[in-house]
Undergrad: 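Below are the structure tokens for one structure; questions will follow.
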Amino acid sequence: MTKNLVIVESPAKAKTIGGFLGKDFTVKSCMGHVADLSKKGLGVDIENGFIPRYIVSPEKKKIVSELKKLALDSEWVWLASDEDREGEAIAWHLAETLGLDEKKTKRIAFHEITRSAIQEAIESPRGIDKNLVNAQQARRVLDRLVGFELSPLLWKKIKPSLSAGRVQSVAVRLIVEREEEIKNFQSASAFRITAEFQVKNGEKTAGFKAELNKRFSTKEQAVDFLEKCRLTAYVIEDIDTRPAKKTPAPPFTTSTLQQEASRKLGFSVSNTMRIAQALYESGKITYMRTDSVNLSDLALSMSHREIAESFGEPYVKIRKFSTKTKGAQEAHEAIRPTALSVKTIEGDKSQKRLYELIWKRTIASQMADAELEKTNVVIGIDNSTEKFIAKGEVMKFDGFLKVYMESKDEDEQNGEEGMLPPMVIGEKPTLLEMVAQEKFTQQPYRYTEATLVKKLEELGIGRPSTYAPIISTIQKREYVIKEDRPGFSRSFIQIILKNNTLKEEHKTENTGFEKAKLFPTDIGTLVNSFLTRHFGNILEYNFTANVEEEFDEIAEGKLVWNEMIREFYQPFHKQIENALENSGKVSGEKLLGTDPQTGVNVFVKIGRYGPMVQMGNTDSETKPRFASLKKGQSLETISLTEALDLFKLPRVAGEYESSEVVISTGRFGPYVRHQSAFYTLPKEDDPLTVTLERAVEVIVNKRQADSQKILHEFLDGKDLIRVINGRFGAYITYNKENYKIPRGKDPKTLTLEACKTIIANTEPSKSKSKKKK
DNA sequence: CAGTGAGCGAGCTTCCGCTTGACTT
């Protein structure tokens, strides 16, 4: 009999809290939500007031039955899920599914994981806040209705297995529209004038750089200006020095951690979360899914001590940050080291780097401002009204910059400012060199995973626990692809004035190179245009922000949740019906041209299996031919020649071992087929041109690799038993079933007898791929 | 795993937000 059962959401939290509470308390975790809407149909009873049909989530059945037993045996059950909308719903679902007696159930929330905070929580229990639960039900039901009515519409109108939802569809829209902006972007150029001057400083001379306060739109204007500057004098007209300061960024939230890990360490969003999870589970950092920039009092005092010891008291400045994020729920602290005295940790390289980043960011957030002195120097030109401006920056006190400086995204970067030599008003600097360089306006930046997360957070769309999954969903659905794209070279003009002579040079620069950026696919673009046309309201960037306001009203008891849902659903469902009736199949079909040999039309469009080419009209007597587009090709950019090439496969490359060697390309890319076996063609080989010799090489290589995978091969009567070295370790295959080799047995020394014993005593591993087809 | 896109019709796909292991060949 346990006296007290405390249920929290995460096992790592359970462990820590268990340590604080002593033996009268058993602390268990429920691993998040234990109940969810049924997946059979909508899971919502539309006719009867949108009543949700909840079931215990299949993967939580074990946990629920275990908790049920413990709850029966306990005097008190403490529901200690997070103090936000989702946490309240988790508590309520626990109470319902465990069948808890209201009289022995208490709802508490920890504001931080410290002994005193937990004690405080235990002393002030409350009941479940049904209004907050209802706000969650509204959120959940709305997402289900939107997702499960929009997706099937896409299956009918575009292609099976597609998906749409309040969050993912807006994420895709952002990427599609950014690409549109880039496509429509007109690059303009102007001549930027920079100059290098020299001043005398006693016996020594010192140089500095300045930029003209004007750009010239044509080369002629730039040349005219440089001509005028050829034989003139310059004078320092004004020197303006004023103090400035830089302040540190707040401690990490999930989204800012993802952004900085991407900029500074080059981590993908999911990689960052996986590493952070490991750090959390080993007790090194606080919880990694948070939207709060708040630090506990304990963290503040630890920071104070650490900074004072390492850098001295003048570097300490304790700050309280407050969140500016729309819809933040702040159920946790900011992400920080659990012990701020620990600067580096044990672990693998990426764990060390991420930890160090978190440590620096946390410490810097509690350090003094950096104090600077900014100087602006105006340089007049004797025969012109234009002015050169030189900018300088001197650091007077480094403050938090001693530890950490937040990186910027591409679109926020500006030039570096260095130190200026001493100079005085009236002084006449010597011109060393002046350069007029053609500069092009920058097209809008494509999103990276991390800048997309940043944008979603700004719009209040998605939550810390879903940023990484959203990014992966839109890629898995093939709405969006993350890839590198090569840049292109662009020529520009540069005119140099030096030693009183002008020289014009034509140079080239490489530009537009993209690394790990998000590009929309044909399907993404097509789905987006369909959704924005028929469901403009839901695809609006502020749709989530608007419904969040209503959820807040429900949480305050000012609005009845299922009435809010009814108000939403009635017009929404009409939009669905309207789209069903008034839209035919959407394929994005485009006529590319005609086949020069037969004269029939060649189209590109989205088919059941993705982008494809069609040769011949659908309604003609002869059946049209079809071929899928290759990876990297798109409806928008494919040429007629490229499209016609796609019909050249499959082709027979020749004969090997008296069987045909066929080259073709399937769902998983180009392959070689020989004696009904498949051999994947490496990326560097072009299926259209690959030779028989090369194809045979591929076959032989694969056979050799396969033979090394077989550790043993036994013949048991007629049956073949093999020990194979697979991707996840060795296993036994017999009669088309696979068997795990028990721990402690060395696969290399297995005998036939040993294999037979294993087969007799082991359940065959079920493979997921079997149910396919 | 491996070209498939006629038409018929079965049965499947799908949302967002909480949370971790179990499992794969």
Side-chain angles (χ1 to χ4, degrees), chain A residues 8-13 29-37 39 42-43 57 59-60 63 81-82 84-87 89-90 93 136 139-155 159-169 277 280-281 287 289 329 331 461-467 469-470 473 477 544 587 605-614 618-619 623-628 646-647 649-650 662 664-673 676-680 709 724-733 738-740 765-769 771-773:
Chain A
V8 298
E9 290 182 39
S10 116
K13 203 168 166 180
S29 68
C30 66
M31 312 270 196
H33 277 293
V34 293
D36 191 18
L37 299 177
K39 285 195 161 201
L42 281 179
S57 311
E59 73 274 14
K60 302 290 167 54
I63 292 164
S81 47
D82 297 342
D84 59 10
R85 194 164 69 201
E86 298 296 328
I90 289 172
H93 284 141
Q136 193 274 347
R139 199 280 304 156
R140 182 68 192 92
V141 168
L142 180 119
D143 282 337
R144 170 55 68 87
L145 293 174
V146 170
F148 274 36
E149 293 213 356
L150 281 182
S151 302
L153 181 66
L154 296 181
W155 305 342
K159 160 176 146 54
S161 305
L162 294 176
S163 66
R166 171 177 62 83
V167 172
Q168 60 169 281
S169 297
Q277 175 88 27
Y280 168 66
E281 281 172 13
Y287 197 57
R289 291 188 275 264
Q329 312 212 353
I461 296 172
R463 303 276 315 129
S465 66
T466 60
Y467 294 136
I470 292 163
T473 299
R477 298 270 174 278
T544 290
S587 71
K605 62 181 185 184
I606 302 277
R608 210 145 73 84
Y609 307 101
M612 64 180 208
V613 211
Q614 176 181 328
T618 317
D619 51 10
K623 202 181 156 228
R625 293 177 63 203
F626 303 97
S628 290
L646 295 170
F647 290 103
L649 294 173
V662 180
S664 192
T665 154
R667 258 186 84 196
F668 308 103
Y671 63 89
V672 180
R673 196 175 73 232
S676 68
F678 292 91
Y679 305 87
T680 303
K709 274 189 194 152
I724 296 177
N725 204 1
R727 203 149 55 101
F728 308 105
Y731 62 100
I732 296 169
T733 169
N738 298 329
Y739 300 86
K740 250 173 130 165
S765 324
K766 39 196 175 297
S767 85
K768 274 185 185 166
S769 52
K771 66 177 181 206
K772 271 252 171 184
K773 198 168 149 192

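The chains referred to below are lettered A, B, ... by the order of the sequence lines, with proteins before strands, and numbering in each begins at 1. All figures in this text were calculated on a predicted structure; none of them were measured in a lab.
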Undergrad: Strictly distance-based, threshold 3.5 Å: is any side-chain N or O of Arg673(A) a donor or acceptor partner for the main-chain N or O of Tyr679(A)?
TA: no

Undergrad: In whole Å, what is the span from the CH2 atom of Trp155(A) to the C1' atom of dC15(B)?
TA: 10 Å

Undergrad: Looking across every strand, which nucleic acid part, if any, lies under 4.0 Å from Thr544(A) by heavy atom: base, sugar-phosphate, or nothing?
TA: nothing

Undergrad: Can you identify which nucleotide, out of dC15(B), dT13(B), dT20(B), has its nearest atom closest to the Tyr280(A) side chain?
TA: dT20(B)

Undergrad: Gly666(A) near the nucleic acid: base, sugar-phosphate alone, or nothing, with a heavy-atom cut-off under 4.0 Å?
TA: nothing

Undergrad: What contact category does Arg625(A) fall into here, base, sugar-phosphate, or nothing, at under 4.0 angstrom with non-hydrogen atoms?
TA: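 Here Arg625(A) touches no strand at all.
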
Undergrad: At under 4.0 Å between heavy atoms, what does Val146(A) touch on the DNA or RNA strands: base, sugar-phosphate, or nothing?
TA: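 Contact class for Val146(A): none.
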
Undergrad: Mind checking if Ser10(A) touches a base, just sugar-phosphate, or nothing, with heavy atoms under 4.0 Å?
TA: sugar-phosphate

Undergrad: Rounding to an integer number of Å, can you tell me how far His93(A) NE2 sits from dT19(B) C1'?
TA: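 Distance, rounded to whole Å: 15 Å.
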
Undergrad: Whether the side chain of Arg463(A) and the base of dC16(B) hold a donor-acceptor pair under 3.5 Å is what I'd like checked.
TA: no

Undergrad: Starting at the 5' end of DNA chain B and moving along, which residue's nearest nucleotide shows up first, Asp36(A) or Pro611(A)?
TA: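 The residue mapped nearer the 5' terminus is Pro611(A).
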
Undergrad: Grab the NZ-P distance between Lys623(A) and dG7(B) for me, whole Å please.
TA: 11 Å

Undergrad: Which part of the nucleic acid does Lys605(A) contact within heavy-atom distance under 4.0 Å: base, sugar-phosphate only, or nothing?
TA: nothing

Undergrad: Considering just the side-chain nitrogens and oxygens of Arg673(A), establish if one lies under 4.0 Å of OP1 or OP2 belonging to dC1(B).
TA: no

Undergrad: Students often get this wrong, so: under 4.0 angstrom with heavy atoms, is Ser29(A) touching a base, only sugar-phosphate, or nothing?
TA: nothing

Undergrad: Rounded to whole angstroms, how far apart are CZ on Arg85(A) and P on dC18(B)?
TA: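 Roughly 8 Å, once rounded to whole Å.
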
Undergrad: At less than 4.0 Å, is any side-chain N or O atom of Gln168(A) found next to OP1 or OP2 of dC15(B)? Yes or no.
TA: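 Checking Gln168(A) against dC15(B): at least one side-chain N or O falls below 4.0 Å of OP1 or OP2.
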
Undergrad: Scan Gly462(A) against the nucleic acid and name what it touches under 4.0 Å (heavy atoms): base, sugar-phosphate only, or nothing.
TA: sugar-phosphate

Undergrad: How far, in whole Å, is dT24(B) from dT4(B) if one measures between their P atoms?
TA: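 Between the two P atoms, the distance is 32 Å.
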
Undergrad: State the CG-CE distance between Leu646(A) and Met612(A), to the nearest 0.5 angstrom.
TA: 12.0 Å

Undergrad: Nearest-Å distance, NZ (Lys13(A)) to C1' (dC18(B))?
TA: 12 Å

Undergrad: Taking N and O atoms by type only, does the side chain of Ser163(A) place a donor or acceptor under 3.5 Å from a partner on the base of dT14(B)?
TA: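 Answer is no: no donor-acceptor pair is held.
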
Undergrad: Taking atom types as modelled, is there a side-chain donor on Gln168(A) or Ser163(A) under 3.5 Å from an acceptor on the other?
TA: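 Yes, Ser163(A) and Gln168(A) have a side-chain donor paired with an acceptor closer than 3.5 Å.
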
Undergrad: Using a 4.0 Å heavy-atom cut-off across all strands, classify Pro464(A) as base, sugar-phosphate, or nothing.
TA: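 The answer is nothing, as Pro464(A) stays clear of every strand by at least 4.0 Å.
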
Undergrad: From the list dC15(B), dC18(B), dG21(B), which nucleotide is the closest neighbour of the side chain of Phe148(A)?
TA: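 Given the options dC15(B), dC18(B), dG21(B), the side chain of Phe148(A) is closest to dC15(B).
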
Undergrad: Is Gln614(A) touching bases, backbone alone, or none of the nucleic acid, heavy atoms closer than 4.0 Å?
TA: nothing

Undergrad: Given the side-chain rings of Tyr287(A) and Tyr280(A), with only the six-membered ring counted for Trp, is the space between their centroids under 6.0 Å?
TA: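 Ring centroids of Tyr287(A) and Tyr280(A) are less than 6.0 Å from each other.
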
Undergrad: Base, sugar-phosphate, or nothing: which does Gly43(A) touch, judged by heavy atoms less than 4.0 Å apart?
TA: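 If one applies the 4.0 Å heavy-atom cut-off, Gly43(A) turns out to touch nothing in the nucleic acid.
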
Undergrad: In whole angstrom, what separates Leu162(A)'s CG from dC12(B)'s C1'?
TA: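 To the nearest whole Å, that distance equals 14 Å.
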
Undergrad: Which whole number of Å gives the distance between the P atom of dG5(B) and that of dT25(B)?
TA: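 Straight-line distance between the two P atoms is 28 Å.
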
Undergrad: Check every strand shown and say whether Tyr287(A) touches a base, only sugar-phosphate, or nothing at a heavy-atom separation below 4.0 Å.
TA: sugar-phosphate

Undergrad: Could you check whether Ala89(A) gets within reach of a base, just the sugar-phosphate, or nothing at all, counting any heavy atom under 4.0 Å?
TA: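 Nothing, no nucleic acid heavy atom in range.
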
Undergrad: So, does the side chain of Arg289(A) form a donor-acceptor pair with the base of dC18(B) at under 3.5 Å?
TA: no

Undergrad: Starting from C1' on dT19(B), measure out to NE2 on His33(A) and report it in whole angstrom.
TA: 9 Å

Undergrad: Just wondering, do Phe626(A) and dT4(B) stack (centres under 5.5 Å, planes under 30°)?
TA: no

Undergrad: Measure CG/Asp143(A) against P/dG17(B) and give the value in whole Å, please.
TA: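 For the pair Asp143(A) CG and dG17(B) P, the rounded distance is 6 Å.
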
Undergrad: Do Asp36(A) and Arg140(A) have side chains that approach each other closer than 4.5 Å (heavy atoms only, starting at C-beta)?
TA: yes

Undergrad: Output the single nucleotide from dA2(B), dT19(B), dG21(B) whose closest atom is nearest the side chain of Glu281(A).
TA: dG21(B)

Undergrad: Of Ser151(A) and Gln329(A), whose closest DNA chain B nucleotide lies nearer the 5' terminus?
TA: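 Residue closer to the 5' terminus by nearest nucleotide: Ser151(A).
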
Undergrad: Looking across every strand, which nucleic acid part, if any, lies under 4.0 Å from Thr665(A) by heavy atom: base, sugar-phosphate, or nothing?
TA: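 If one applies the 4.0 Å heavy-atom cut-off, Thr665(A) turns out to touch a base.
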
Undergrad: Hey, does Arg139(A) have a side-chain heavy atom less than 4.5 Å from the side chain of Arg144(A)?
TA: no

Undergrad: Answer yes or no: is there an ion pair linking Lys13(A) with Asp82(A), defined by an N-O contact shorter than 4.0 Å?
TA: yes

Undergrad: Given His33(A), which partner from the list Lys60(A), Glu9(A), Glu86(A) fulfils the side-chain hydrogen bond (donor to acceptor under 3.5 Å, both in side chains) test?
TA: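 Going through Lys60(A), Glu9(A), Glu86(A) one by one, the side-chain hydrogen bond (donor to acceptor under 3.5 Å, both in side chains) with His33(A) is satisfied by Glu86(A) alone.
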
Undergrad: Can you figure out which of dT13(B), dT20(B), dC16(B) approaches the side chain of Pro160(A) most closely?
TA: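 In terms of side-chain proximity for Pro160(A), the closest of dT13(B), dT20(B), dC16(B) is dT13(B).
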
